[in-house]
2 protein chains.
Amino acid sequence: MTTIYDVAKRAGVSVATVSKVLNGYPDVSARTREKVQQITAELGYHPNAVARGLVTRRSMTVGVFFQDHGNRGFRHPFLHDVIASFKDSIGEAGYDLLFLTEHRGNDGVFRGFESRAKQRDVDGLFLLGVPRTNSGLATLSRSQIPTVSVDLDLFGPKASYLCSDNVGGARQAVDHLVANGHRKIAFIGDRFGTKPGHDRMLGYQEALQAHALEYRPEWILEGDFGETSGYRAMRRLLAEAELPTAVFCASDMMAIGAMNAISEAGLHVGEQISIVGFDDIELARYVSPGLTTIRQNTDKMGQRAATELLELMNTTNKPPGVITVETSLVIRGTVRSIA
Amino acid sequence: MTTIYDVAKRAGVSVATVSKVLNGYPDVSARTREKVQQITAELGYHPNAVARGLVTRRSMTVGVFFQDHGNRGFRHPFLHDVIASFKDSIGEAGYDLLFLTEHRGNDGVFRGFESRAKQRDVDGLFLLGVPRTNSGLATLSRSQIPTVSVDLDLFGPKASYLCSDNVGGARQAVDHLVANGHRKIAFIGDRFGTKPGHDRMLGYQEALQAHALEYRPEWILEGDFGETSGYRAMRRLLAEAELPTAVFCASDMMAIGAMNAISEAGLHVGEQISIVGFDDIELARYVSPGLTTIRQNTDKMGQRAATELLELMNTTNKPPGVITVETSLVIRGTVRSIA
DNA sequence: CTAAACTCCGAAATCGCTTTCGCGAATTTT
DNA sequence: AAAATTCGCGAAAGCGATTTCGGAGTTTAG
């Protein structure tokens, strides 16, 4: 491995000087600067970011905790997209992403978010898919580590969070249904009390009130965002005495599960029963009929997360905040006008 | 930040001793060992992996280059799954994943794979979705950095690669078709000469020979693995004078594109024309009829990649190799028996 | 022509940790 | 009881960089 010493020796200067040209300091003559640059190129020298980080105390690395609960597949394309967009944005600022895992060290000690973050010396943290129940969250929120989390209301002296405008999105969904003449609208939400689940429920209720629609407890079902839970919820709903004309599902996967249940019951989605989902995952375009849904703007979410984290990391006294990203309605084929 | 010095002082021992208990060296008495451990816990001390890496010359980090060509979405769930599985396996060995980007440093110099890897001091590299045309590949293959790449035949003193048994998989596809009475089988492959594309073509040809089927150049189409390219290819095929009874597509997305073209032409997939895809992406279950396809075992691919990289990193003289993972046939609804 | 002010550059301390090597004390062997 | 081992610990030399601060050499001012 070639080090800064090799370059210095070869160029006939001190390591300090080499370091200076590498970092663009002004107190170096044009002559030596060029000489050093030339040698650097010749030797194919790459300054070691680790050693540099050690002294500057900035690793130019942000840690990512991405919990997929072993549950790969469709729930995650959404989060994957957010990460991809985040990576692009933060990458331009020169940061690399370190995917961290909570784990038990070889000493047998369990290391959670904060511990791993300090261990790896990351400049900031990005959390996705982390369940509210995670025990490391409390200490993390109190820490001074710049953190942005998505879909999780983690808030602290250096912790901001970000999510779609779930309340507004849910209202958009119901509004769309109402605009198409529906007045009997059921809801399939989540039973875990996630922030998004909660907010979508709220939006649903607000919209109900706004349109003076009847709130029927038996039309409120619970799932876990997954396909089968949507399927089951719909089966329960179909067993009710009176059926709604439409159902709003808090996730596309649940919507798809619901669609299956409907078909199975011999009914037709978009005919007897209309459906609106939430997320706009890729799959939504492919099921048939295409799923009308509320789109979360993953690109923008990633970008906003990145700029927020950058500020948190590089601006002293930047107060944390909550970031909301607008949703949009995507009309496909699961809503029928019954005006 | 609490350092090893703080612990040493508080415990009334030298830093050397603290380091020793932290790393499980034997030459420490039980008494001092306990004392140090207690202080460590009290202070909530986390040894800094960066500083440690600097001296041990092992960062316990593997660099990942994951090119998504801006092309998020369905081509990648496959690679995402491989990464997820890889992460699980390599994570157990104590490694974290650093997602690297090739980029232009603030000095304006472009840094490719090798440069970034050295800069970040990673112990190994994992490459996915990297096009063969990437200019950094040549120097990387010559380097001494342990590397595993998937679906890319990168081979060097420390570079292994891994892919599905694409030849065998393609044969499975054709065999299945033949077993169902098909003798006129078209192929939609790739025009970029990727390793998997090439091998699937090879398998197709071998199977044709094995079953003494006619090779018809006009039934060999080219795409880019994406949906629209499959659609276009199928349209061209449908314009031929004589139609095959089945077509084998080198990717599920192309198969889905082809299915759309078929429906649009007023024909029915699984009736007039049978289709077999390749990959078994999640979507394959959801299109209708469900896509019969060749499944790539992403879990296993990730695991094998991890164990291979671990060996490459930790065993001197481990010769690199090529790793092949078996595929399997997944029967759904797009192949009709015309026996 | 001397003093002041710049320019350039390098010595050395430092970041947080590991690891060798030696030394004194305790223990075991003769 | 003396010699030989063993045990437990610490001093110090790094790992590869950055950065302060002062000094030598030059230029400008007085």
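Everything numeric in this text was worked out from a predicted model, so none of it was measured. Proteins come first, then strands; the chains are lettered A, B, ... in the order of their sequence lines, and each starts at number 1. Just so it is clear, the values below take in all heavy atoms, side chains as well, and ignore hydrogens, waters and symmetry mates.
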Can you measure [X] atom [atom1] to [N] atom [atom2] for me and round it to whole angstrom units?
X	N	atom1	atom2	value
A/N23	D/dA17	CG	C1'	9 Å
A/K9	D/dG16	NZ	C1'	15 Å
B/L54	C/dT18	CG	P	11 Å
A/K35	C/dC9	NZ	P	13 Å
B/D27	D/dT5	CG	P	20 Å
B/D121	D/dA17	CG	C1'	12 Å

Mind checking if [X] touches a base, just sugar-phosphate, or nothing, with heavy atoms under 4.0 Å?
X	value
A/S29	sugar-phosphate
B/T3	sugar-phosphate
B/N48	sugar-phosphate
B/V13	sugar-phosphate

*For the pair B/E42 and B/R10, find out whether any cationic side-chain nitrogen is under 4.0 Å from an anionic carboxylate oxygen.*
yes
_Ion pair A/D121/A/R58, N-O distance below 4.0 Å_ = no
*Closest to the B/S19 side chain, choosing from C/dT19, D/dA17, D/dC15*: C/dT19
*Supply the atom-to-atom distance A/L43 CG to A/Q38 CD, rounded to the nearest 0.5 angstrom.*
10.5 Å
_If we check side chain to side chain contact (heavy atoms under 4.5 Å, CB included) with B/L162, which of these qualifies: B/E308, B/R304, B/K300?_
B/R304
*Judged by atom type as modelled, is there a donor-acceptor pair below 3.5 Å linking the side chain of A/S160 to the main-chain atoms of A/P320?*
no
_Any side-chain N or O of B/Y5 below 4.0 angstrom from OP1/OP2 of C/dC17?_
no
*Does B/R57 make a side-chain N or O approach to OP1 or OP2 of D/dG16 shorter than 4.0 Å?*
yes
*Nearest nucleotide by nearest heavy atom, which residue falls closer to the 5' end of DNA chain D, B/T56 or B/S14?*
B/S14
_Residue closer to the 5' end of DNA chain D, B/V28 versus A/T17 (nearest nucleotide)_ = B/V28
